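Counting starts at 1 for both ligands and their atoms, in listed order. It should be emphasised that the depicted structure is a prediction, and the values quoted were computed from it without experimental measurement.
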Amino acid sequence: MNKIQIHDKYFEILLENDTISKRTRLIGIQLNVDFDGRCPIFIGVLNGSFLFMADLLKEVAISCEVEFIRVASYEGTNSSGKIQETFGLSTSLKDRDVIIVEDIVDTGLTLAHILAKIHEQKPASVNVCSLLYKPAALKNPIAELTYVGFEIPNEFVVGYGLDYNGLGRNLKDIYRVV
Ligand code: 5GP
């Protein structure tokens with residue numbers, strides 16, 4: 001099944017599950033080397049990261065902790081526009097090695113908000129591990145973006161955790177809109 005329809009749009013395969021798995025395994029190996037003996041805390045950003053987080057952590061063999069957060073966006077009443085709020089950050093991150101796990105970095109605005117919140121707690125280190133990254137859409141450079149699965153064109157994608165209006169998160173491959 002190469003071409004699929006979700007709501008009003010058609011999508012074709014961009015990354016097959018096997019390709020995603022192989023890349024995820026390599027990132028896991030790199031994390032095992034980079035964080036050996038440091039017991040990092042992985043923080044997955046819901047909802048989109050749930051499949052990547054699960055598959056990535058199966059490749060992580062070092063001692064680590066796992067948490068999830070959620071970011072809600074809504075339109076503000078002042079001129080700054082969108083307001084974002086982070087939920088679920090209960091563990092203290094002071095002096096910890098933090099690895100934020102994202103599905104996709106698009107404009108990077110969500111990540112910038114999360115990073116600001118996390119840096120407030122004075123962790124020892126902060127790194128971002130994102131499965132997908134759209135360099136052409138990024139608004140401001142993100143110094144913490146250390147681990148990237150795939151750089152992709154500035155196109156809308158679904159599958160493997162990513163949705164289109166609520167559907168498509170369960171697809172095992174990643175599709176691009178056609
Ligand atoms: P950003 O703040 O970097 O622009 O993107 C934040 C969120 O927008 C991502 O975590 C993701 O949930 C959603 N997003 C960005 N690009 C895409 C895309 O191509 N497909 C889907 N399904 N979601 C996206």
(message) I'd like to check whether Y164 has a polar contact with ligand 1, where a contact means an N/O of the residue lying under 3.5 Å from an N/O of the ligand.
(response) no
(message) Looking at ligand 1, is there an atom of it that comes within less than 4.0 Å of some heavy atom belonging to I104?
(response) yes
(request) If the plane angle is over 60° it's perpendicular, under 30° parallel, otherwise tilted; pick one for Y147 and F35. (result) tilted
(message) Just to confirm my output: which protein heavy-atom neighbour is closest to atom 20 (N) of ligand 1, and how far is it?
(response) V157 O, 2.7 Å
(request) Return yes when K139 approaches ligand 1 closer than 4.0 angstrom through a heavy atom, no otherwise. (result) no
(message) Here's a test for you: under side-chain contact (heavy atoms from CB on, under 4.5 Å), which of V101, L57, V60, I43 qualifies with V66?
(response) L57
(request) Look at ligand 1 and say whether G108 reaches it with a heavy atom at a distance under 4.0 Å. (result) yes
(message) Could you go through I100 and N127, starting from their C-alpha distance and side-chain angles, then the distance that decides it, and tell me whether this counts as side-chain contact (heavy atoms from CB on, under 4.5 Å)?
(response) CA-CA 6 Å; I100 300 166; N127 286 276; over 6 Å; no
(message) Using a 4.0 Å cut-off to any heavy atom of K134, which atoms of ligand 1 qualify?
(response) 16 (N), 17 (C), 18 (C), 19 (O)
(message) To the closest 0.5 Å, what do you measure between CD1 (I104) and OH (Y160)?
(response) 13.5 Å
(request) Report, in ascending order of atom number, the atoms of ligand 1 lying under 4.0 Å from any heavy atom of T107. (result) 1 (P), 2 (O), 3 (O), 4 (O)
(request) Decide, yes or no, whether a salt bridge links K3 with E12 under the criterion of side-chain N to carboxylate O below 4.0 Å. (result) no
(request) Show your working on side-chain contact (heavy atoms from CB on, under 4.5 Å) between I6 and L171 and close with a plain yes or no. (result) CA-CA 11 Å; I6 302 176; L171 296 166; 4.0 Å; yes
(request) Indicate yes or no: does an N/O atom of F156 lie under 3.5 Å from an N/O atom of ligand 1? (result) no
(request) Would you check whether L162 has a nitrogen or oxygen atom less than 3.5 angstrom from a nitrogen or oxygen atom of ligand 1? (result) no
(request) Run the numbers for me: atoms of ligand 1, each under 4.0 Å from some heavy atom of E102, listed by number. (result) 10 (O)
(message) Taking CZ in F156 as the centre, count heavy atoms belonging to other residues, nucleotides or ligands within less than 6.0 Å. Is the count above 12?
(response) yes
(request) Please work out whether any backbone atom (N, CA, C, O) or any side-chain heavy atom from C-beta onward of V45 is under 4.0 Å from ligand 1, and answer side chain, backbone, both or neither. (result) neither
(request) Check each atom of ligand 1 against the heavy atoms of E155 and keep those under 4.0 Å away; list them by number with element. (result) 19 (O)
(message) Tell me whether R96 is salt-bridged to E65, with the criterion being a basic N under 4.0 Å from an acidic carboxylate O.
(response) yes
(request) State which residue, out of L162, V157, L15, V158, fulfils the side-chain contact (heavy atoms from CB on, under 4.5 Å) condition with Y175. (result) V158
(message) For the CD1 atom of I174 and the CD1 atom of I13, what is their distance to the nearest 0.5 Å?
(response) 10.5 Å
(message) Under 4.0 Å from a heavy atom of D163: which atoms of ligand 1 are those, numbered in the order shown and with their elements?
(response) 21 (C), 22 (N)
(request) Do me a favour and list the nearest non-hydrogen protein atom to atom 10 (O) of ligand 1 with residue, atom name and distance? (result) D103 OD1, 3.2 Å
(message) List ligand 1 atoms under 4.0 Å from T110, heavy atoms only on the residue side.
(response) 1 (P), 2 (O), 5 (O), 6 (C)
(request) Enter the distance from L89:CG to R70:CZ here, rounded to the nearest 0.5 Å. (result) 14.0 Å
(request) Would you mind checking which non-hydrogen protein atom is closest to atom 15 (C) of ligand 1, with the distance to 0.1 Å? (result) D106 CB, 3.4 Å
(request) Specify whether the nearest protein heavy atom to atom 1 (P) of ligand 1 is under 4.0 angstrom away. (result) yes
